[in-house]
Trainee: 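Sharing a structure with you now.
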2 protein chains.
Amino acid sequence: MATGRNHRPATRSRGIPEATVARLPLYLRALTALSERSVPTVSSEELAAAAGVNSAKLRKDFSYLGSYGTRGVGYDVEYLVYQISRELGLTQDWPVVIVGIGNLGAALANYGGFASRGFRVAALIDADPAMAGTPVAGIPVQHADELEKIVGDNGVSIGVISTPAGAAQQVCDRLVAAGVTSILNFAPTVLSVPDGVDVRKVDLSIELQILAFHEQRKAGEDATESSPDQAAPPVRAAVGGRKGPDGDMPAVMPA
Amino acid sequence: MATGRNHRPATRSRGIPEATVARLPLYLRALTALSERSVPTVSSEELAAAAGVNSAKLRKDFSYLGSYGTRGVGYDVEYLVYQISRELGLTQDWPVVIVGIGNLGAALANYGGFASRGFRVAALIDADPAMAGTPVAGIPVQHADELEKIVGDNGVSIGVISTPAGAAQQVCDRLVAAGVTSILNFAPTVLSVPDGVDVRKVDLSIELQILAFHEQRKAGEDATESSPDQAAPPVRAAVGGRKGPDGDMPAVMPA
DNA sequence: CCATCTTTGTGCACGCGTTCACAAAGACAT
DNA sequence: ATGTCTTTGTGAACGCGTGCACAAAGATGG
């Protein structure tokens, strides 16, 4: 039921590696800061430091875009800002819909970085009829029934899902059916989409768990790895047995 | 990722690859759902489908944890839930502080997935004196002056930064100085931290830009790749010279 | 016009991650 | 017991991403 044929056949588009694409926004941000300070040129070393990456990596990344640097001098800041913006498709306007206007959805709607970079919040959508008409971030919330019409009328191709996990797949299906081909998913669920639709997920819970893993490892190293088993003993559960010994796992969509 | 000399000496801890660690929370979530439905065992194929990954990858991932499966049958759900939880360090309690209680910070504080899996919001911190005492998600906001004391008293090792970009590095430095060794950064900035401190970043803007890239590419393919240059002409800026002849560069985005 | 010095662009090697494909292991039926 | 059938665990090959190290390019000064 979940992913199924989520192929992702090496999204290497026009020869630009996916890893490079993921770093371009980082470079762009650093370059924009330099541009605001009217810095005319930067070396790969300086820019790499500002973006927090290796300078060789940065140069190789730029080489995929073409040769925009001048040897002995560096890169022209304004020119590079333009080239990267164009490569990322930020020279055009991207109408975006946010579905699920709870705490998170409202926060996203209010997020400044949204509107500032070619992205425009075309509509806020929520399933709660009581919210319809209520303005959030200056935009009136519309009912989910309008979803297809909104997407169609505005030519929306990017959708943001900030609904509860239980509603995410259904919302996703409707968005895709209406014409959306890129989805940013904040709900803690694996979304299943047809080929040709891109999904990126932002998952707070997963990030925290990864941090906890490393944190535990650090603590374990300090403790000379002497801890035999700090918590409850593994107790291989009998097949078909009940829940865990402590019976926790606090119900509904923990994370 | 941080900046400067953040070596990341192959964070391969006890032989568990980083990529595997990043997937464990995904497996755990799928397994928890199965556990709630009282499913006793799953095959790698089923679980992989639920988690949206390749079954061979899943089996290899589990092999790093040890051999918890039974050939011909599959994996014991309860047992695996426990093993992964333990590996991720979720059998212990992780006090977390959230710094920056704006729209996003408040949304995070209200996020259910936070408290449910071993993570406990120990404190909410904001620099605005007017917010001090105001309860958010049932927890009174404390002033930033208390940061060091809060971290110290509660033994906090994980910090969440949801401040504006300008304040993030400073907050980060204070958290680290106070003893925090893992940081989840929502601010659109590259954080610089000393060795031994882990930083993970969640950046809405970057995710959208990556989606825009692929979206543009899809549109370009549909148009038979005939588009020569859809927007303003590149107009290579003269090296060392001033800006473009017409001084355009439409300020394609402030921040 | 030549020498020097800076910085880019990239060939190459290495390591990680993914995937295939299959032998080993065990459940289950007879 | 023995055979069959399912599913795991993993050896091996492959491809991507990273970083080193250096030659080529061009600016700059004499």
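So that the names make sense, note that chain A is the first sequence line, chain B the second, and so on, each numbered from 1.
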Trainee: In whole angstrom, give the distance that lies between atom CD of E45(B) and atom P of dG9(D).
Mentor: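 Value for this atom pair: 14 Å.
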Trainee: Give a yes/no answer on whether the side chain of R59(A) brings an N or O atom under 4.0 Å of OP1 or OP2 in dA21(D).
Mentor: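 R59(A) to dA21(D) OP1/OP2: no side-chain N or O under 4.0 Å.
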Trainee: Applying ring-ring contact (aromatic ring centres under 6.0 Å, His included) to Y79(B) and Y68(B), what does each step give before you reach the verdict?
Mentor: CA-CA 8 Å; Y79(B) 186 65; Y68(B) 295 150; 5.3 Å; yes
Trainee: Find the distance L24(B):CG to dG17(C):P and express it as a whole number of Å.
Mentor: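 After rounding, the reported distance stands at 13 Å.
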Trainee: Measuring to OP1 and OP2 of dT8(D), would you say a side-chain N or O of S44(B) lies under 4.0 angstrom away?
Mentor: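 Yes.
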Trainee: CD of E18(B) versus P of dG17(D): gap in Å, rounded?
Mentor: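 One finds 17 Å between P of dG17(D) and CD of E18(B), rounded.
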Trainee: 5'-most contact on DNA chain D: K57(A) or G66(B), nearest heavy atom basis?
Mentor: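 Its nearest nucleotide being more 5', the pick is G66(B).
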Trainee: K60(A) or R71(A): which one's nearest nucleotide on DNA chain C is closer to the 5' end?
Mentor: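 Whichever sits nearer the 5' end wins; that is R71(A).
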Trainee: Would you kindly give the CZ-to-P distance between F62(B) and dG9(D), to the nearest whole Å?
Mentor: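 Answer to the nearest Å: 9 Å.
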Trainee: N54(A) has an atom CG; how far is it from atom C1' of dG9(C), in whole Å?
Mentor: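 In whole Å, dG9(C) C1' and N54(A) CG are 14 Å from each other.
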Trainee: Within this structure, what is the CG-to-P distance between L58(B) and dG17(C), rounded to whole angstrom?
Mentor: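 Nearest whole value for this atom pair: 16 Å.
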Trainee: Select one nucleotide: of dG17(D), dG17(C), dT10(D), the one nearest the side-chain heavy atoms of S63(B).
Mentor: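 My answer, after comparing the listed nucleotides, is dT10(D).
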Trainee: Start at the 5' end of DNA chain C and walk down; is the nucleotide closest to G72(A) or to A56(A) reached first?
Mentor: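 It is G72(A) whose nearest nucleotide is closer to the 5' end.
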Trainee: Separation of D61(B) atom CG from dT19(C) atom P, in whole Å?
Mentor: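 To the nearest whole Å, that distance equals 11 Å.
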Trainee: Strictly distance-based, threshold 3.5 Å: is any side-chain N or O of W94(B) a donor or acceptor partner for the main-chain N or O of Q209(A)?
Mentor: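 Not at all, since once roles are kept as given, no pair shorter than 3.5 Å links the two residues.
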Trainee: Between D203(A) and R29(B), is there a salt bridge with N-O shorter than 4.0 Å?
Mentor: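 Looking at D203(A) together with R29(B), the answer is yes, because their closest N to O distance falls below 4.0 Å.
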Trainee: Which atom pair, heavy atoms only, marks the closest approach of S44(B) to L58(B)?
Mentor: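 Looking at all heavy atoms of both residues, the shortest contact is CB-CD2, 3.7 Å.
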Trainee: Between dT8(D) atom P and L80(B) atom CG, what is the distance in whole Å?
Mentor: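 In whole Å, dT8(D) P and L80(B) CG are 11 Å from each other.
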Trainee: Are side-chain N/O atoms of T181(A) and E215(B) paired as donor and acceptor at under 3.5 Å?
Mentor: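 E215(B) and T181(A) do have a side-chain donor-acceptor pair below 3.5 Å.
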Trainee: Mind checking Y75(B) for me? I need base, sugar-phosphate or nothing, with any heavy atom below 4.0 Å counting as a touch.
Mentor: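 Sugar-phosphate contact only.
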